[in-house]
Amino acid sequence: MELFWHRRDLRIADNVGLAAAADRGKAAGVFVFDPDVLDHASDVRVRRLLDGLAVLRDAYRDRESDLLVARGDPESVLPSLADGLDADRVVWNRDYTGLARERDAAVRRALDSAGIAREAHHDAVLHEPGSIRTNAGDPYSVYTYYWRKWTDRETDPPAATPDSADFLDAEALRAAVGAEDGASTDARTDGGVAADRVAVGDLPAPGDLGFSEADAEVGLAGTEAARDRLDAFLSEAVFAYGKDRDYPSREATSRMSAFLKYGEIGVREAYEATERAMETAESSDRPEEHVESIEEFQQQLAWREFYAQVLYHNPEVVTANYKTYEEGIEWRDDSEEIAAWKRGETGYPIVDAGMRQLREEAFMHNRVRMIVASFLTKDLLADWRHGYEHFRERLADHDTANDNGGWQWAASTGTDAQPYFRIFNPMTQGERYDPEAAYIKEYVPEMRGLDADLIHEWHELSTTQRANAAPEYPAPIVDHSERREEALEMYKRARGEDPEE
DNA sequence: AGGCTGTTTCC
DNA sequence: GAAACAGCC
């Protein structure tokens with residue numbers, strides 16, 4: 001039999017490694033709660049992970065098998081589990097972040113010295129890091145060129161979905177790992193998975209892992225929810241995606257990010273669905289912009305893979321600037337301003353709406369992510385790492401490569417051919433992308449009774465006007481045009497130029 | 001995946 | 001006087 005190690009691929013369908021394992025013999029699936037990974041987790045992401053694992057576990061149960069749940073260092077858990085199961089091989093799908101690669105190297109060494117075969121598969125992206133390069137053989141650092149090659153390339157079809165016959169049944173799993181029969185999963189109160197044993201289908205509660213219950217709604221988890229969401233999106237909303245995606249109140253985006261982050265849907269399956277939608281649009285009387293709209297959505301999948309390969313080739317950017325400045329950037333890093341940003345109390349309505357959406361829903365619309373990131377780095381002149389850390393804490397869909405790429409882009413330290421243009425005007429952005437202030441009013445209740453015009457002019461109202469309009473909502477904590485000038489000077493100094501010139 | 005400023009154009 | 005545009009950072 002073969003032991004398949006689930007990591008960021010909480011699904012049975014379109015799972016390349018699992019399909020390969022099941023193709024050769026009976027497979028068993030395991031998830032390992034790794035203390036080194038949990039060190040970087042948060043309440044909302046543990047909640048979201050456990051939700052995804054519960055659905056995965058049920059998918060195994062539907063196939064008369066179950067999900068093995070272990071806790072400990074994978075390099076010690078996996079060899080002993082593989083030995084206990086008498087597994088022929090341990091199989092997994094590659095993960096491209098630096099931490100994951102170090103962990104996987106340690107697991108490879110441990111399995112090799114235990115004499116257990118292992119196999120890693122290309123699954124998480126359509127086009128693996130390293131496979132798309134410039135004609136000179138270098139990795140791409142400019143998205144537009146990367147996209148051209150990405151979209152021209154042939155893609156693999158979805159991997160086969162194993163069925164009951166492909167899995168070791170639940171009884172055999174219990175016998176092999178010595179778990180007591182009928183171990184209950186949901187009503188368990190005795191501390192969850194013990195460190196010294198492997199449970200069969202028995203998932204811990206957040207408290208068992210050292211986390212608190214999430215204070216945000218994390219959204220639905222699992223393959224079926226992902227497919228429902230994608231089908232609904234591709235059947236109608238995607239045709240307006242190009243036109244509407246930047247307007248946060250229109251809910252025009254796919255909301256697939258968390259499903260993709262946890263691998264509850266395979267990227268081949270998702271991409272194939274977009275290709276089918278494209279064919280349908282072309283063969284019906286859809287206008288040209290509807291077809292182009294689908295391609296714009298495909299571009300989002302390409303951005304995900306672009307940043308995955310940036311991180312793969314530059315693992316140090318998790319903590320270091322991608323673009324180095326001669327003199328280094330002297331961030332202002334005012335802790336009270338950063339705290340106001342996190343609370344959603346900056347006095348810039350679109351910024352505060354986004355930060356409050358993040359707190360309530362563990363999600364933020366992507367246009368607003370860019371606005372709040374520009375505000376933190378260019379208006380508060382705070383180091384992007386403060387923002388990245390906060391997103392990592394609060395976003396259910398947090399993905400190291402995507403979030404790091406996005407933050408460094410916003411901070412002018414990332415992969416951007418024109419980094420010095422990226423200072424957003426938070427009022428202009430609010431006016432342009434939330435003209436009716438519908439998004440703002442949804443998340444900033446203090447402003448619900450106000451005219452949109454008044455909301456977009458908040459920064460230039462008098463104290464009296466503000467007190468009359470929305471007494472509970474703060475005045476702007478900084479002056480955008482002053483801070484804009486300061487930001488330009490800060491970057492000039494960082495480049496070693498005289499800010500007076 | 002922009003914004004600012006000065007200038008021209010259009011009511 | 002607003003809106004569109006160009007040039008520039």
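Protein chains get the first letters and strands the later ones, always in sequence-line order, with residue 1 at the start of each.
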Kindly confirm or rule out a cation-pi arrangement of Arg8(A) over Tyr262(A), judged by NZ or CZ under 6.0 Å from the six-membered ring centre and within 45° of its axis? no
Residues in contact with DNA chain B, drawn from residues 291-317 of chain A - heavy-atom cutoff 4.0 Å: Trp303(A)
With sequence neighbours left out, the residues meeting side-chain hydrogen bond (donor to acceptor under 3.5 Å, both in side chains) with Asn404(A) are Gln408(A)
Under the salt bridge (Lys or Arg N to Asp or Glu O under 4.0 Å) test against Asp397(A), which residue among Lys261(A), Arg369(A), Arg255(A), Arg45(A) passes? Arg369(A)
Distance-only donor-acceptor pairs under 3.5 Å for side chains of residues 126-133 of chain A, two or more places apart:
from: Glu128(A); atom 1: OE1; to: Arg94(A); atom 2: NH1; distance (Å): 3.4
from: Glu128(A); atom 1: OE2; to: Arg94(A); atom 2: NH1; distance (Å): 2.7
from: Glu128(A); atom 1: OE2; to: Tyr96(A); atom 2: OH; distance (Å): 2.6
from: Ser131(A); atom 1: OG; to: Glu128(A); atom 2: N; distance (Å): 3.3
from: Ser131(A); atom 1: OG; to: Glu128(A); atom 2: O; distance (Å): 2.6
from: Arg133(A); atom 1: NE; to: Gly130(A); atom 2: O; distance (Å): 2.9
from: Arg133(A); atom 1: NH1; to: Gly137(A); atom 2: O; distance (Å): 3.0

Give me the first and last nucleotide of DNA chain B, going 5' to 3', that has any atom under 4.0 Å from a heavy atom of chain A. dA1(B) to dC4(B)
Using the six-membered ring for Trp and the full ring for Phe, Tyr or His, decide whether Tyr420(A) stacks on the six-membered base ring of dC9(C) (centres under 5.5 Å, planes under 30°). no
Please list, chain by chain and in numerical order, all residues satisfying side chain to side chain contact (heavy atoms under 4.5 Å, CB included) with Glu497(A), sequence neighbours excluded. Lys492(A), Arg495(A)
List in chain and number order the residues that pass side chain to side chain contact (heavy atoms under 4.5 Å, CB included) with Thr319(A), two or more places apart in sequence or in another chain; answer none if no residue qualifies. none
Let's see if you get this right: which residues in residues 399-418 of chain A place a heavy atom under 4.0 Å from DNA chain B? Trp409(A)
Main chain of Ala13(A), side chain of Glu269(A): is a donor-acceptor contact present, judged purely on distance under 3.5 Å? no
Side-chain ion pair, Asp383(A) and Arg332(A), N-O less than 4.0 Å: no
Is it true that Asn93(A) and His121(A) share a donor-acceptor pair across their side chains at a distance under 3.5 Å? no
Distance-only side-chain donor-acceptor flag, Asp352(A) / Tyr473(A), under 3.5 Å: yes
Output the residues of residues 425-432 of chain A in contact with DNA chain B, where contact means a heavy atom of the residue under 4.0 Å from an atom of the strand; sort by number or write none. Asn425(A), Gln429(A), Arg432(A)
Under the side chain to side chain donor-acceptor pair (under 3.5 Å) definition, can you give me all pairs with a residue in residues 294-306 of chain A, not counting sequence neighbours? Tyr143(A)-Gln299(A), Trp150(A)-Glu305(A), Arg245(A)-Glu296(A), Thr274(A)-Gln298(A), Glu275(A)-Gln298(A)
Applying side chain to side chain contact (heavy atoms under 4.5 Å, CB included), name anything that partners Asp138(A), two or more places apart in sequence or on another chain. Thr134(A), Ala136(A)
Does a side-chain N-to-carboxylate-O contact under 4.0 Å join Glu213(A) and Arg47(A)? yes
Near DNA chain B, which residues from residues 367-376 of chain A have a heavy atom under 4.0 Å away? Arg367(A), Met370(A)
With sequence neighbours left out, the residues meeting ring-ring contact (aromatic ring centres under 6.0 Å, His included) with Trp331(A) are none
Distance to the ring centre below 6.0 angstrom and angle to the axis at most 45 degrees; does that hold for Arg367(A) and Tyr433(A)? yes
